Amino acid sequence: MTTSPPPIALTIAGSEATGGAGAQADLKTFQARDVFGMVALTCIVSFDPKNEWGHRFVPVDPQVIADQLEAQFSCYVPDAVKIGMLGTPTTIDTVAGALAGYRPKNLVLDPVLICKGQEPGAALDTDNALKSQILPLASFVTPNHFESMALSGRSAIDDVDDLIAAARTIHEKSGAAVLAKGGVRIAGPDAVDVFYDGTTLEVLSAPKVGEHAVSGAGCSLAAAVTAELAKGASPLDAARSAKEFVTQGIASRLSSNAPFDAVRQLNH
Ligand code: PXL
């Protein structure tokens with residue numbers, strides 16, 4: 001049987017060993033959305049049950065990251081690329097350098113800024129490198145509540161109007177389409193996200209499923225946006241469809257012995 005070639009998506013992300021977040025969530029999302037998926041691994045995160053589930057973090061050697069990207073871009077032209085956790089300024093240098101050469105047409109940035117357990121001083125360097133070297137390459141960015149404050153420079157985001165203002169600022173700074181996520185951090189019955197691409201402003205809203213953040217929801221949202229862009233969807237349609245996918249995934253979440261649940265990627 002011959003079938004037409006599938007759209008191809010790449011995620012440049014870290015492993016989260018329990019499978020809830022990171023590269024594992026991305027790859028499962030690509031599969032659930034009928035896209036051929038690839039992973040360039042940037043780091044390995046292992047939660048530490050003996051230390052409040054903090055993140056034990058090991059970066060992948062920069063040459064090995066460059067080698068993975070070389071293999072991938074030599075085999076295929078990905079239709080869309082997602083960037084998840086990079087984790088160190090050195091990794092950011094490596095990835096920014098490689099992408100400047102490969103120039104993917106759709107680049108979705110999930111700006112993972114702080115990882116629980118990272119040393120604050122090191123995290124600040126990483127955040128600054130992400131803003132200066134990766135954000136300008138992105139065509140789509142998906143900041144959560146905290147990342148929206150950091151990227152927009154606002155000291156608080158308390159309601160939807162604040163989230164809209166943050167999304168506008170982040171678009172002006174980056175030129176990218178922005179999907180700013182309020183999640184459970186904005187009070188009210190609905191989980192509200194704001195899409196803004198310079199022309200269209202849309203508030204995406206769905207009833208909250210519980211009041212706790214679910215591991216992997218942000219990763220899966222950005223991965224679903226990436227998959228839809230790979231299939232040729234417009235940024236707004238990709239955002240709408242990704243929101244629906246994650247809302248269903250949160251409703252079907254998985255509990256574990258850790259104090260947070262994990263999202264599931266359901267086939268549609
Ligand atoms: O959810 C953010 C995230 C992304 N990538 C990796 C992670 C996490 C959170 O745990 O471990 C590898």
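Excluded from the calculations below are hydrogen atoms, water molecules and symmetry mates; all remaining heavy atoms, backbone and side chain alike, are included. Read the numbers this way: they start at 1 and go in the same order the structure lists the ligands and their atoms. Everything numeric here is computed off the predicted structure, so don't read it as measured data.
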Considering the heavy atoms of [X], write down every atom of ligand 1 situated less than 4.0 Å from one of them.
| X | value |
| --- | --- |
| F47 | 10 (O) |
| V45 | 11 (O), 12 (C) |
| G14 | 12 (C) |
| S15 | 12 (C) |

Tell me if the [atom1] atom of [X] is crowded by more than 12 foreign heavy atoms within 6.0 Å.
| X | atom1 | answer |
| --- | --- | --- |
| Q31 | CD | no |
| N51 | CG | yes |
| R264 | CZ | no |

Value for OG (S255) from CG (D261), rounded to nearest 0.5 Å, stands at 5.5 Å
Checking salt bridge (Lys or Arg N to Asp or Glu O under 4.0 Å) against D193, which of K181, R185, K243 comes through?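 Of K181, R185, K243, salt bridge (Lys or Arg N to Asp or Glu O under 4.0 Å) with D193 is met by K243 alone.
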Note: heavy atom closest to atom 4 (C) of ligand 1, options A23, C219, A17, A222, belongs to C219
Parallel, tilted or perpendicular, as decided by the 30° and 60° cut-offs, for the rings of F73 and Y102: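 If you compare the ring of Y102 with that of F73, the planes turn out parallel.
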Quiz prompt | Test item, A13 contacting ligand 1 (heavy atom, 4.0 angstrom) | solution =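 Outside the 4.0 Å threshold, so no.
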Quick look: C43 vs ligand 1, heavy-atom contacts under 4.0 Å, and the answer is neither
